[in-house]
Amino acid sequence: MAIKFGVVVFPGTNCDHDTKWAVESLGYEAELIWHTAERLDGIDCVILPGGFAHGDYLRTGAIAAFSPIMKAVMRHADAGGLVLGICNGFQILLECGMLPGAMIRNRDLRFICRFTSVLVEQKQTPFSNLCEKGQILSIPISHFEGNYHIDEHGLGSLIEHEQIVLRYCDGDGNVTQDANPNGATSNIAGICNMQRNVLGLMPHPERASESILGCADGRQIFDSIARFHKERCGKGGE
Amino acid sequence: MVFKIESHNHPSFIEPFQGAATGSGGILRDIFTMGARPFAILDSLHFGHLNDARNRYTMRGVVSGISFYGNCIGVPTVGGQTHFADCYAKNPLVNVMCAGLARRDKVFLGAASDPGNLVIYAGSRTGRDGLHGATMASAAFDESSEERRPTVQVGDPFAEKLVMEACLELMDRRLIMGIQDMGAAGLTCSTSEMAARGGSGIRIDLARVPKRVANLTPYEMMLSESQERMLLVTEARRKSDVLEVFARWGVKAAVVGVVTDTGRLVVDSDEQTVADIPLGLLIDDYPRCERPIARPPTRQQDASTPDLDLDLNEALEALVASPDQCDKRWIFEQYDHLIGTNTVLGPGADAALMRIKGTRKGIAMTLDGNGAKTSLDPYQGGLSAVAEAFSNVSCVGARPLAVTNCLNFGNPEDPAVMWQFAEAVRGIKDACEFLNTPVTGGNVSFYNETLGENIYPTPVIGMVGLHDDVRKAVTSKFKRSGDVILLIGKTIPLAEGLSGRALPVDLGAVKRVSDTVLELSGMGLLQSIHDCSDGGVAMAFLECCFGRLADVMAGARLRIPEAADPIAWLFGESVGRMIVSIRSEDASSVTQLLERREQEHHVLGEVRGDSLRIEQGSISLARVDGKHLKQLWTSGLEKSIT
């Protein structure tokens with residue numbers, strides 16, 4: 001069955017239309033889902049897009065974690081369904097405990113919007129299977145709170161279970177402090193859960209999905225998801 | 001396409017963050033009330049020099065205020081300009097332009113028509129914030145300016161995002177007849193303007209207006225400038241549909257009045273009529289003011305460029321690191337310039353270029369103005385601002401279409417300031433007529449005066465253009481070793497700033513150069529193209545070498561004519577010149593085309609290596625390490641602000 005993406009819209013979400021556009025222009029079906037919905041019927045991959053859900057009041061993602069849709073998103077993930085959190089979506093996944101760690105303000109206490117290079121650390125995920133380990137993707141970031149923080153024990157666990165999927169690097173693939181735009185622990189740009197079906201990342205792949213916008217590397221994330229889904233269906237898993 | 005510019009100068013001095021934030025909020029509302037989803041913001045910023053701590057505070061606050069508002073509501077800030085001069089220290093300029101796209105058959109106007117229709121208030125509740133904000137913004141500043149902080153409104157972009165989505169849905173479903181935002185003078189302005197445009201009257205009941213605090217007097221309610229509020233007119237039968245949409249978006253809304261046929265604005269409060277005024281008095285029949293105009297005595301002008309004993313290497317290093325000329329990434333990286341996924345060319349380009357989804361077309365936009373130049377000769381300054389914008393739009397391959405303008409001037413009670421104003425407007429008018437770019441609207445900001453000191457006369461031109469095929473857009477960066485570099489356009493060897501004399505603008509020449517480069521780029525013959533403006537040939541040439549942050553520095557050799565005075569030739573700022581690079585194999589066909597068109601041009605040199613060389617005949621004038629120079633350029637603003 002062809003994959004269907006569901007893009008969740010919270011009040012204050014502002015990358016919903018961009019994400020839907022990117023997914024659709026790659027030939028996949030996508031549907032916007034209002035945050036008060038309690039079910040996710042027929043959705044294969046849920047995307048929590050970027051923005052300022054509920055104004056990001058209190059903390060980024062803190063209120064959105066309690067929107068009615070999130071219970072359905074958690075059930076979806078528990079059943080093995082795919083969940084992709086981009087930027088504010090990543091922050092929401094952290095707030096509701098679907099991924100470990102927390103976000104704090106960027107090291108320089110400024111909003112940063114720029115293209116960054118990220119190194120693919122894991123190929124064995126539903127979100128990166130079309131990439132090669134060690135591949136460099138050019139994808140823009142755009143956030144005030146992308147300084148990913150986790151304690152030493154948590155970091156050890158992420159490394160042990162190969163959950164660090166993307167790290168900020170320089171143009172040659174070196175993971176250095178200079179290449180770290182926001183101060184994130186261990187240059188982390190994206191992590192998955194232990195079951196590998198939930199990915200949170202700060203870079204915006206939907207903004208790098210057409211060459212006219214400067215780069216099309218972000219397509220590999222969406223295409224990987226579609227490929228994973230196709231293979232899973234092919235095995236008769238669903 | 002819907003576009004407009006607005007100033008928020010005075011509030012941005014008193015409270016930089018909120019002043020700039022609410023400036024963005026106001027212009028965004030102006031665009032979406034037309035039925036257009038805003039799709040780009042540009043800003044023109046003028047500050048005092050950054051060696052002063054207060055100016056650094058002002059700039060930090062303004063930039064983060066624009067960033068806070070635009071990023072949250074989700075409209076990209078894709079371009080603009082930033083200038084520094086002493087006269088803006090206590091009178092910074094914050095001009096914000098916004099553009100949006102609407103279907104032609106779904107454009108909405110702020111008119112209240114058909115008696116019996118309902119008047120609906122929507123958005124944030126009314127409080128005491130911003131009382132007399134418009135009065136503050138239209139007065140000269142003195143020592144007590146800081147005390148006016150409470151007149152600056154407080155912005156809530158999340159509230160505005162919800163109001164915007166709800167209003168766009170209402171317009172898309174045609175559930176309302178008219179709509180206007182509550183900007184300056186709040187309810188007073190919005191009710192009377194809507195009624196006047198509809199040729200009707202309005203009766204409102206203040207008891208029904210949602211309030212943030214108790215005991216607001218009718219006077220305060222009519223003048224409050226609380227942000228994120230809208231006034232809408234709808235048919236009675238649509239009332240429940242309209243209120244349902246606002247409820248779903250979590251926006252407060254209430255029916256507060258009715259459209260009448262009396263031609264009067266009637267305000268009720270607690271079953272008493274507290275105001276009953278003929279609209280004509282508020283809208284058309286106000287007293288007109290003819291301010292005296294007098295040309296000030298002409299400044300002593302020196303026709304020649306003073307002899308300067310410059311070390312060119314040092315001069316270039318100082319130039320690229322100066323806040324006026326350096327890379328502005330410290331500013332634009334704080335703005336989300338990519339949201340919307342339409343940005344083909346963003347900040348740092350000659351003009352921003354936004355694609356229109358589902359088509360190959362694009363919209364180019366730029367903001368240009370130069371107060372220092374305008375102060376030398378306001379008429380030429382007006383011409384020059386339009387010409388500069390025209391060149392910038394052409395540079396990215398778009399045909400210039402139309403203009404909006406923001407006129408920032410000093411105290412209009414001073415006849416010399418009124419003369420500057422009249423002259424600059426005459427310049428803009430002449431240029432726009434000649435270049436066939438109609439002025440669709442704009443904004444005037446007077447009383448930019450603090451303690452008796454006026455700002456430079458600073459007209460800012462916002463221009464939009466249409467690109468037929470964004471895939472053909474060319475950037476300013478030199479592309480390939482061996483490419484030939486040409487300067488197209490006529491150079492008047494005079495450095496304005498040094499001589500104190502304004503350069504005359506030749507609109508015919510500007511138009512010819514633009515036509516030429518549009519033709520060349522349409523034929524796919526240009527590898528790069530960049531407009532020559534502030535800093536002259538030298539600065540434009542360096543920017544072509546630098547490219548963007550991640551770009552590898554391109555080296556080049558530049559040769560200036562043997563007879564030229566190097567300083568005037570390198571740093572003179574004649575308007576209407578462009579630096580292009582072409583493949584060497586195309587060089588002869590391009591130069592033949594230029595000669596056929598009798599288009600003045602000069603072969604500057606070629607792209608080569610990674611160092612920059614400037615030569616005159618057999619003399620080497622400068623040889624600089626490109627990487628070092630690019631580093632100075634990239635970090636210039638960061639160093640100045642921290």
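Here is how names work: the chains are called A, B, and so on, in the same order as the sequence lines, proteins then strands, and each is numbered from 1.
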Atom group of [X] that falls short of 4.5 Å from chain A, counting heavy atoms:
X	result
B:I339	both
B:S67	side chain
B:Y335	backbone
B:R471	both
B:N71	both

In Å and rounded to the nearest 0.5 Å, what is the OG to CD distance from A:S142 to B:Q334?
->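 Rounded to the nearest 0.5 Å, the OG-CD separation comes out at 11.5 Å.
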Residue A:F144 versus chain B: region with a heavy atom under 4.5 Å |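 For A:F144, there is no contact with chain B at all, as no heavy atom is under 4.5 Å.
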Contacting region of A:S209 [heavy-atom separation from chain B under 4.5 Å] =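 Contact with chain B involves no heavy atom of A:S209 at all.
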Could you check whether atom [atom1] of [X] has more than 12 heavy atoms from other residues, nucleotides or ligands sitting under 6.0 Å from it?
X	atom1	result
B:R212	CZ	yes
B:K472	NZ	no
B:K627	NZ	no
B:K106	NZ	yes
B:K361	NZ	no

Between A:E206, A:E210, A:H204, which residue shows the highest count of heavy-atom pairs closer than 4.5 Å to chain B?
->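 Most heavy-atom pairs under 4.5 Å with chain B: A:E210.
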Most heavy-atom pairs under 4.5 angstrom with chain B, which of A:L213, A:T36, A:I112, A:D56?
->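 Among A:L213, A:T36, A:I112, A:D56, the one with the most close pairs to chain B is A:L213.
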Taking all heavy atoms of [X] and all of [Y], pick out the closest pair and write down the distance.
X	Y	value
B:C72	A:N14	O-ND2, 3.0 Å
B:K161	A:T13	CE-O, 3.2 Å
A:I212	B:R355	CG2-NH1, 3.8 Å

Which one, B:L338, B:V63, B:N342, B:V344, leads in non-hydrogen pairs under 4.5 Å with chain A?
->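 Top option by heavy-atom pairs under 4.5 Å: B:L338.
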With respect to chain A, which residue among B:R60, B:R248, B:K357 yields the maximal number of heavy-atom pairs within a distance under 4.5 Å?
->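 Most pairs with chain A among the choices: B:K357.
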So, the side chain of B:D336 versus the backbone of A:C113: is there a donor-acceptor pair under 3.5 Å, distance only?
->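 Answer holds: no.
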B:E638 with A:R110: basic N within carboxylate O range, under 4.0 Å |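 A salt bridge is present here (some side-chain N lies under 4.0 Å from a carboxylate O).
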So which bits of residues 73-80 of chain B come within less than 4.5 Å of chain A, counting non-hydrogen atoms only?
->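 Residues in range: B:I73, B:G74.
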Check: B:D156 and A:Y57 side chains under 4.5 Å, non-hydrogen atoms =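 Answer yes - side chains close enough.
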Name the orientation class of the two ring planes belonging to A:W34 and B:W249 (parallel below 30°, tilted from 30 to 60°, perpendicular beyond 60°).
->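 Answer is perpendicular, since the angle exceeds 60°.
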